[in-house]
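All remarks here apply to the structure that follows.
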Amino acid sequence: MPAPGTPLEKLGFLTIGTFSPDDPRPGHEALLDEIVLAEQLGFDSVWLRHRHLQHGVSSPVTLLAAASQRTSRIEFGTAVTPLGWENPLRYAEDLSTLDVLCGGRMNPGLSVGPPGHFDDVRHSLYPDTADAEDFTYTRVERLLSLLRGEPASTFSGVQGIEVFSDHVQPHAAGLADRVWYGAASDRSAIWAGEQGLNLLTSSVVRVGEGEEPDFAGIQSRTIQAYRKALPDDRSGRVSQGLVVIPTDTATDAQRAKYAEYVESRTPRTSSPQGPGRLLFARDVLGTSDEVAEALYAHAAFREVTEVVFALPFGFEHADYVQILTDMATKLGPALGWSPR
């Protein structure tokens, strides 16, 4: 998106779907209602982020399966599934089943690396194999091969009255071509490009030693590195996922709450955080015209024609209704997007 006037092609949103630990159902139902609303508003996609052992969606595939029965058009995604928590064969079965249920609308977004707080969960997650588990890109490659229908077993045929396949069932044709990789570094983006995967960028980048902490510049460079690494026959889709909060129809109380939220998160945007040297993007808050102006000034936003705007964490259902409605009816059109 080099300049204002080039239309945004796809508008999606990302959420973690918070809930009360004492009564989790209302939170899950509220998220399903938000997904239905998003389809009615014309959003192109909804993406769920895993929250293991937290009060957010721990099983996006399960929740999206429910959403598939309440919607007909909006695409689904995960942003991202940390594969260190998953068995690639079992997860391939789950993804394929969901894709069949939703009519080919699933977009799996993945990442690799050891599970978060691995030392605390290893004995529950991998009691016998923790030291042998491979948390590298190989885990993605295993999943991809299974989604493509490559052999998962050395046996196929009839045993008694049961029929067995040597590959994942059900097979969801085309699902492997809709896999995305969540990359926060040039290295990961280049690997994703070499594999022909789509690229998810988010509100986090890695800053190299001695590198200027310029979020937009770093993310823009990462996207360019990804595109250069793509095979000649693949174009590759790229999506950006900043936290964006339009306030056009917000109440005064909502505007005050949103401003306090952004202010509390701003200190981590000025310098790299932790041993991983992570740099967070500043949340974009304001009227849709103000947000659009800020986005067009963002070097990485100018590299994409698809976005998956992240909803702020911990707000009320009414807040998300207002934000989603403003995104679709005010911000999207300000970016040249038309609802489907």
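Values reported hereafter were calculated over all heavy atoms of this structure, with side chains retained and with hydrogens, waters and symmetry mates removed.
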Under 3.5 Å, side chain of [X] to main-chain N/O of [Y], donor-acceptor pair present?
X: T287; Y: E290; answer: yes
X: R302; Y: Y296; answer: yes
X: T269; Y: T266; answer: yes
X: N107; Y: F76; answer: yes
X: R49; Y: A79; answer: yes
X: S220; Y: G217; answer: no
X: E211; Y: G208; answer: yes
X: T247; Y: G286; answer: yes
X: D166; Y: T154; answer: no

Would you indicate whether the side-chain heavy atoms of [Y] and [X] approach each other to under 4.5 Å?
X: F135; Y: V112; answer: no
X: P60; Y: H50; answer: yes
X: I323; Y: P246; answer: yes
X: P82; Y: S111; answer: yes
X: L14; Y: V46; answer: no
X: Y137; Y: S188; answer: yes
X: V284; Y: V243; answer: no
X: V36; Y: Q40; answer: yes

For residues [X] and [Y]: do they belong to one hydrophobic cluster (side chain heavy atoms under 4.5 Å, members Ile, Leu, Val, Met, Phe, Trp, Tyr)?
X: I190; Y: V207; value: no
X: V308; Y: L197; value: no
X: L63; Y: L37; value: yes
X: V307; Y: L331; value: yes
X: I16; Y: F43; value: yes

Rounded at 0.5 Å granularity, tell me how far [atom1] in [X] sits from [atom2] in [Y].
X: I35; Y: S45; atom1: CD1; atom2: OG; value: 11.0 Å
X: L144; Y: Q195; atom1: CG; atom2: CD; value: 7.5 Å
X: I218; Y: L279; atom1: CD1; atom2: CG; value: 6.0 Å
X: S271; Y: L278; atom1: OG; atom2: CG; value: 11.5 Å
X: T136; Y: L83; atom1: OG1; atom2: CG; value: 10.5 Å
X: L175; Y: R105; atom1: CG; atom2: CZ; value: 13.5 Å

Inset, instruction - Report the C-alpha distance between F309 and L11 in whole Å, list the side-chain angles of each, state the deciding distance to 0.1 Å, and finish with yes or no for side chain to side chain contact (heavy atoms under 4.5 Å, CB included). - result: CA-CA 8 Å; F309 289 140; L11 173 65; 3.8 Å; yes
Contact summary for [X] and [Y], nearest pair of heavy atoms:
X: L31; Y: G17; answer: CD2-CA, 3.8 Å
X: R206; Y: G276; answer: NH1-O, 3.2 Å
X: E194; Y: P231; answer: O-CG, 3.9 Å
X: P333; Y: A328; answer: CD-O, 3.4 Å
X: D44; Y: E9; answer: OD2-O, 3.9 Å
X: H28; Y: P24; answer: ND1-O, 2.9 Å

Is the closest side-chain donor-acceptor distance between [X] and [Y] under 3.5 Å?
X: D186; Y: T222; result: yes
X: Y226; Y: E303; result: no
X: Q219; Y: Q240; result: yes
X: T78; Y: T81; result: yes
X: D326; Y: T249; result: yes
X: E150; Y: H167; result: no

Inset, instruction - Applying side chain to side chain contact (heavy atoms under 4.5 Å, CB included), name anything that partners A92, two or more places apart in sequence or on another chain. - result: L143, L146, L147, V168
Inset, instruction - Report the C-alpha separation of R139 and D134 in whole Å, then their side-chain angles, then the decisive distance to 0.1 Å, and conclude whether the salt bridge (charged side-chain N to carboxylate O under 4.0 Å, His left out) test is met. - result: CA-CA 7 Å; R139 214 171 184 90; D134 185 349; over 6 Å; no
Inset, instruction - Dump the intermediate steps for side chain to side chain contact (heavy atoms under 4.5 Å, CB included) on N198 and V238, then the final yes or no. - result: CA-CA 6 Å; N198 301 307; V238 182; over 6 Å; no
Legend entry - Test salt bridge (charged side-chain N to carboxylate O under 4.0 Å, His left out) applied to D99 and R178, step by step: CA-CA 11 Å; D99 199 51; R178 284 178 266 121; 2.8 Å; yes
Inset, instruction - Kindly check if the number of other-residue, nucleotide or ligand heavy atoms within 6.0 Å of NZ (K10) is above 12? - result: yes
Inset, instruction - Evaluate whether atom CZ of R227 has more than 12 neighbouring non-hydrogen atoms of other residues, nucleotides or ligands under 6.0 angstrom away. - result: yes
Legend entry - SB check E29 R70 (cutoff 4.0 Å):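 R70 and E29: salt-bridged.
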Legend entry - Pairing of R340 and E39 as salt bridge, 4.0 angstrom limit: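 Salt bridge absent between R340 and E39.
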Legend entry - Charged tip of R122 within 45° of Y126 ring normal and under 6.0 Å: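 No - R122 does not lie over the ring of Y126 by the 6.0 Å and 45° rule.
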So, for [X] and [Y], is the gap between ring centers shorter than 6.0 Å?
X: Y181; Y: W191; value: yes
X: F215; Y: F280; value: no
X: Y261; Y: F313; value: no
X: F13; Y: Y320; value: no

Legend entry - side chain to side chain contact (heavy atoms under 4.5 Å, CB included) between E133 and N87, intermediate numbers included: CA-CA 10 Å; E133 292 291 334; N87 177 293; over 6 Å; no
Inset, instruction - Name all pairs fulfilling the salt bridge (Lys or Arg N to Asp or Glu O under 4.0 Å) condition that reach into residues 255-264, sequence neighbours left out, sorted by first residue then second. - result: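 Found D252-R255, K257-D319.
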Legend entry - E75 vs M106, side chain to side chain contact (heavy atoms under 4.5 Å, CB included): CA-CA, chis, key distance, verdict: CA-CA 6 Å; E75 294 189 2; M106 184 57 191; over 6 Å; no
Inset, instruction - Please work out whether the ring planes of W85 and H52 are parallel, tilted or perpendicular, with thresholds of 30° and 60°. - result: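 If you compare the ring of W85 with that of H52, the planes turn out parallel.
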